[in-house]
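Note sheet for the following structure.
Only a predicted model underlies this, so the values are computations on that prediction, with no experimental measurement involved. Here is how names work: the chains are called A, B, and so on, in the same order as the sequence lines, proteins then strands, and each is numbered from 1.
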2 protein chains.
Amino acid sequence: MRQDQIDQTAPIARQLTRFLRERIIRNDLHPDQKISESEIAQQYDVSRQPVREAFIRLASEGLVSVLPQRGTRVSRIDVVAVREARFLREAVESDIVRLLAEAPGRADLAELDAHIDRQRAVAAGDPLEFIRADEAFHRTLAEMGGKAGIWRKVQGLKAQMDRVRVLSLSQFPVNKLIDQHAAIVAGIAAGDPARAEAATRHHLREVLSDLPQIVTANPAFFDDAPDGDEDRTVIIGGGE
Amino acid sequence: MRQDQIDQTAPIARQLTRFLRERIIRNDLHPDQKISESEIAQQYDVSRQPVREAFIRLASEGLVSVLPQRGTRVSRIDVVAVREARFLREAVESDIVRLLAEAPGRADLAELDAHIDRQRAVAAGDPLEFIRADEAFHRTLAEMGGKAGIWRKVQGLKAQMDRVRVLSLSQFPVNKLIDQHAAIVAGIAAGDPARAEAATRHHLREVLSDLPQIVTANPAFFDDAPDGDEDRTVIIGGGE
DNA sequence: GCTACCATACTGCCATACAAGTTATCAATC
DNA sequence: GATTGATAACTTGTATGGCAGTATGGTAGC
């Protein structure tokens with residue numbers, strides 16, 4: 001059914017982390033679903049250990065929560081984290097775009113146009129495919145701006161955001177989003193930092209504009225009082 | 001030498017995570033220092049497995065970086081992450097303080113005063129002790145504001161910030177910081193949200209004001225191009 | 001003296017086995 | 001029928017052994 005296959009030569013735990021993360025985001029593993037180490041291990045025909053390590057990584061991203069001796073379950077979507085991720089993206093990406101607009105030679109406009117063409121091509125097809133194209137577009141911007149490092153940092157938080165996007169796939173105003181992408185590129189091409197930045201902020205603010213409706217439509221998927229991974233309450237150990 | 005002792009009845013891996021995190025923050029384990037699973041396991045007289053899992057957690061916090069088949073070493077301090085953490089703290093805490101000032105009954109002023117008294121008591125002693133008191137103060141604010149959940153989320157990022165604070169301990173203008181704390185409490189007590197918020201922002205902006213000097217004074221501790229934990233470059237797996 | 005090579009001593013990674021705690025099941029008892 | 005208690009079937013946690021890949025030191029060959 002799935003085509004995610006383990007490559008025995010590469011580190012298994014990290015592959016599993018990627019696979020499971022994707023399955024959670026695309027809602028193949030849905031919130032509150034219980035997943036056990038042995039169950040997943042059997043599915044991928046590996047031992048329990050790498051699965052366990054993947055769980056630890058996913059737990060630190062807030063995608064699953066492990067209850068000692070009781071089980072592991074997929075976390076609900078943390079609305080607060082989603083808003084934070086969106087906020088962070090806006091801060092980072094608007095900065096990047098401004099940079100690109102200020103130094104015209106830096107951005108490969110032809111490549112950006114190609115990205116937009118691709119988005120239009122898949123707009124009518126599989127929504128997941130569009131999200132991938134969208135992802136590639138934004139990542140390319142970050143790379144051109146020389147901010148690939150920061151981009152990767154944001155990704156961890158972005159996973160929560162992507163889960164929401166998958167949920168809202170059906171009512172996705174895809175063409176509008178593509179037009180907004182085009183507007184960003186146009187701002188860069190014109191060498192107009194203010195315009196490019198404004199277009200980016202506008203775009204990212206609109207992406208989750210329908211978050212409240214999605215939450216009320218799928219209450220079981222969201223959580224208002226999420227439980228963190230472990231105890232970080234005291235960074236510098238108590239002395240008394 | 002150390003008093004951090006493993007409690008065999010509680011989950012070992014999580015205890016180790018806490019111990020090692022503290023040792024990194026307090027610079028007992030310094031940047032670029034190589035640490036191996038077996039070495040740490042021997043120190044705490046446990047098996048390698050929980051150590052390994054602690055490493056994974058610390059890696060996802062950016063405190064160590066594991067190089068497959070090569071070794072694990074303490075990460076340098078990521079200046080970008082430090083700034084981000086400070087920024088996030090300002091956003092969260094100024095919001096919390098404003099909330100407390102708006103609803104006067106909410107904050108236990110006596111407890112806050114007690115915190116400040118404690119800070120003055122330890123101001124001249126062990127600098128680490130002051131950081132703990134400071135930490136407790138800010139955490140209490142978050143709890144009173146009912147934002148303990150968000151607070152814990154920020155903690156993960158804050159670890160990087162704390163490392164810097166430990167480095168700058170000697171030249172810490174401790175009394176000034178305490179006065180700023182008092183100003184925040186005064187704002188809350190007066191029921192003046194704007195004043196309380198301003199005091200908070202001013203305080204948090206000053207905490208790392210000497211970051212540049214610290215960086216130039218200890219260049220070996222900081223890194224400009226940190227390497228993330230693992231590959232998060234593609235959230236939704238490539239399809240082409 | 002310099003380079004290429006090989007043995008050795010590491011490293012992190014994975015599989016397996018065992019331990020300890022939690023939940024579910026079901027039967028005996030009131 | 002409702003409650004209680006033992007037991008079995010889970011769960012995650014830990015310990016151990018062996019594996020493959022990497023750095024290191026020394027040595028043979030040039």
Completion exercise
Separation of D/dG13 atom P from B/I6 atom CD1, nearest Å, is 15 Å
Exercise for the section: Check every strand shown and say whether B/I35 touches a base, only sugar-phosphate, or nothing at a heavy-atom separation below 4.0 Å. Expected result: sugar-phosphate
Practice task
Can you figure out which of D/dG21, D/dT11, D/dT12 approaches the side chain of B/Q69 most closely?
Solution key: D/dG21
Exercise for the section: Please determine if a side-chain N or O atom of A/R14 lies less than 4.0 Å away from the OP1 or OP2 oxygen of C/dC13. Expected result: yes
Fill in the blank from the handout: Whole-Å distance, B/R52 CZ to D/dT16 C1', equals 14 Å
Handout entry: Qualifying residue, where the test is salt bridge (Lys or Arg N to Asp or Glu O under 4.0 Å) with A/E61 and the options are A/R163, A/R18, A/K158, A/R21
Key = A/R21
Exercise for the section: Sort out for me which residue in A/V207, A/I77, A/L88 forms a side chain to side chain contact (heavy atoms under 4.5 Å, CB included) with A/M161. Expected result: A/V207
Practice task
Round to the nearest Å and state the distance from B/D7 atom CG to D/dT14 atom C1'.
Solution key: 14 Å
Handout entry: Toward the 5' end of DNA chain D, by each residue's nearest nucleotide, B/P11 or A/G71
Key = A/G71
Practice task
Respond yes when some side-chain nitrogen or oxygen of A/T72 is under 4.0 Å from OP1 or OP2 of D/dT11, and no when none is.
Solution key: no
Practice task
Grab the OH-P distance between A/Y44 and C/dA15 for me, whole Å please.
Solution key: 15 Å
Handout entry: Value in whole Å for how far the P atom of D/dT12 lies from CD of A/E53
Key = 14 Å
Problem - Of the listed nucleotides D/dA15, C/dT16, C/dG12, the one nearest the side chain of B/F55 - result: C/dG12
Handout entry: Phosphate OP1/OP2 of C/dG21: any A/R70 side-chain N/O under 4.0 Å
Key = no
Practice task
Between C/dC14, C/dC13, D/dA15, spot the one nearest the side chain of A/A13, thanks.
Solution key: C/dC14
Completion exercise
Heavy-atom nearest nucleotide on DNA chain D taken for A/R48 and for B/P68; more 5' hit belongs to A/R48
Exercise for the section: Quickly work out the A/Q15 CD to C/dC13 C1' distance and round it to whole Å. Expected result: 13 Å
Handout entry: Beyond-backbone contact of A/R73 with A/I35, side-chain heavy atoms, under 4.5 angstrom
Key = no
Exercise for the section: Flag the pair B/I96 / B/M144 as yes when at least one side-chain heavy-atom distance between them is below 4.5 Å, and no otherwise. Expected result: no
Exercise for the section: Starting from P on D/dT14, measure out to CD1 on B/I56 and report it in whole angstrom. Expected result: 13 Å
Exercise for the section: Examine B/H181 together with B/H115 and report whether their ring centres are nearer than 6.0 Å. Expected result: no
Handout entry: Closest to side chain of A/S36, choosing from D/dT12, C/dA15, C/dC13
Key = D/dT12
Practice task
May I have the distance from B/E37 (atom CD) to D/dG17 (atom C1'), rounded to whole angstrom?
Solution key: 14 Å
Handout entry: Contact nearer the 5' end of DNA chain C, comparing A/Q49 with A/K34
Key = A/Q49
